[in-house]
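Down below is the structure, laid out as structure tokens.
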2 protein chains.
Amino acid sequence: MTEGARELPGTREAAEAWESLFRAQVALMRRFQRDDVWGDLSIREYDVLFTLSGCPDGTARLRDLGENSLLTQPSLSRMVERLEQDGLVRRGPVEGDARGVAVALTQDGWRVQREIGRRHVRTIRRLVGGALDAQELATLQALTDKLRAAQAGIPDESDA
Amino acid sequence: MTEGARELPGTREAAEAWESLFRAQVALMRRFQRDDVWGDLSIREYDVLFTLSGCPDGTARLRDLGENSLLTQPSLSRMVERLEQDGLVRRGPVEGDARGVAVALTQDGWRVQREIGRRHVRTIRRLVGGALDAQELATLQALTDKLRAAQAGIPDESDA
DNA sequence: CGCCGGTCCATGCGTACGCATCGACTCTCG
DNA sequence: CGAGAGTCGATGCGTACGCATGGACCGGCG
């Protein structure tokens, strides 16, 4: 603490860590986007398929899909509509809640996700695995997992 | 290595680290977006102002701005056009290259960036600083800096 | 000097996005 | 059981986006 400014402890550290995290994500994302592995769909659409592929039966509620996405609810709703027209997902009712929409991967959806994922993971290995060793990767994963998990416990506004 | 699959060493570790990093970024970004600190401009527009605020004289070439952004060149071009109409930046010629466009923060641009930045950094401190301690933040920053820096040295295609 | 490939930014165009809102349904509570 | 608040997803509408392309300029080479 060499400055005289009455800065709350940890503010600079937090801001700089976030900026580094954000910039790293942007730099990698730019390269992933340029990568020629996405076929006909956008990286955001792939992300939805990927999320579904990690859900039981490749199925999730529209609402739950939105939790892991930066898209707004209307945008996600229309994206799923397009994915259904492309035959990659199917929309159906939710057991026990007539408001809900269940989104499920079709056979084609599984296949497309697997094919793109296989190519994509190769790029990840090259760009991420080529930058950090196994120990560093484990540490990075632990820290970002912790960072993400903690968000659930922090309220929207701090002014108690 | 307990699996029989012929998986290249480090592939899973790299993929899992990237997914954790990505999800953490999405989770934080969602909360930042909901945060009521952005005034009239989008988070992407603020990011441009923030980048400019870290450049000498608050000035950068359009091309260089694009390097730190996920936006395409045409989108960035039009965003800067809007920011100029809003009086936040000024476009001018580049010394020694008549093709280039220099983007500079105006007085209003500096002020708006500072005001939003001040509020935003408070949220960062709460959500990021509230999740990791100083040591962890330093480690996270070091790893993501290294990850980002390494991208410059990795070619687009690996198939030599 | 004149040409030619490469770079930099702008523009036409179709599409996906976010915001506001709506209709349908669920849940709570009197 | 019925009313009102809350949740979930769809839709109208204006706008920002990405893709393809164009025009201006730079740099190298004959």
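The basis for the numbers below is simple: all heavy atoms, side chains too, and nothing from hydrogens, waters or symmetry mates. Chain letters run A, B, ... following the sequence lines, proteins first, then strands; residues in each count from 1.
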Of B/Asp64 and A/Leu70, whose closest DNA chain C nucleotide lies nearer the 5' terminus? B/Asp64

Going by modelled atom types, is there a donor-acceptor pair between the base of D/dA10 and the side chain of A/Glu81 at under 3.5 Å? no

For the residue pair A/Asn68 / A/Thr51, report whether a side-chain donor-acceptor contact shorter than 3.5 Å exists. no

5′-ward residue of the pair A/Val94/A/Arg78 relative to DNA chain D: A/Val94

Distance-only donor-acceptor test (3.5 Å): side chain B/Arg99, base C/dT7: yes

Under 4.0 Å, heavy atoms only, any strand: does A/Leu76 hit a base, just the sugar-phosphate, or nothing? nothing

What is the distance, rounded to the nearest whole Å, between atom CG of B/Leu83 and atom P of C/dA10? 13 Å

With respect to the phosphate group of C/dC17, does any side-chain polar atom (N or O) of A/Ser75 fall under 4.0 Å of OP1 or OP2? no

Taken to the nearest 0.5 Å, the spacing of A/Arg30 CZ from A/Asp35 CG works out to 13.5 Å

To the nearest angstrom, how far is B/Asp97 atom CG from C/dC8 atom P? 8 Å

Distance in angstrom units between B/Asp47 CG and D/dC17 P, rounded: 12 Å

Specify the residue among B/Pro74 and B/Met79 whose closest nucleotide of DNA chain D lies further upstream toward the 5′ end. B/Met79

Can you check whether A/Arg61 has a side-chain N or O nearer than 4.0 Å to OP1 or OP2 of D/dG9? yes

Residue-phosphate contact under 4.0 Å: B/Arg91 side-chain N/O, C/dA10 OP1/OP2: yes

Can a donor-acceptor pair under 3.5 Å be found between the side-chain atoms of A/Arg44 and the base atoms of D/dG18? no

Hey, is the side chain of A/Arg82 poking within less than 4.0 Å of OP1 or OP2 on C/dC17, counting only N and O atoms? yes

Map A/Ala98 and A/Leu71 onto DNA chain C by nearest heavy atom, then report which one ends up closer to the 5' terminus. A/Leu71

What's the CD-C1' distance between B/Glu95 and D/dC26, to the nearest Å? 16 Å

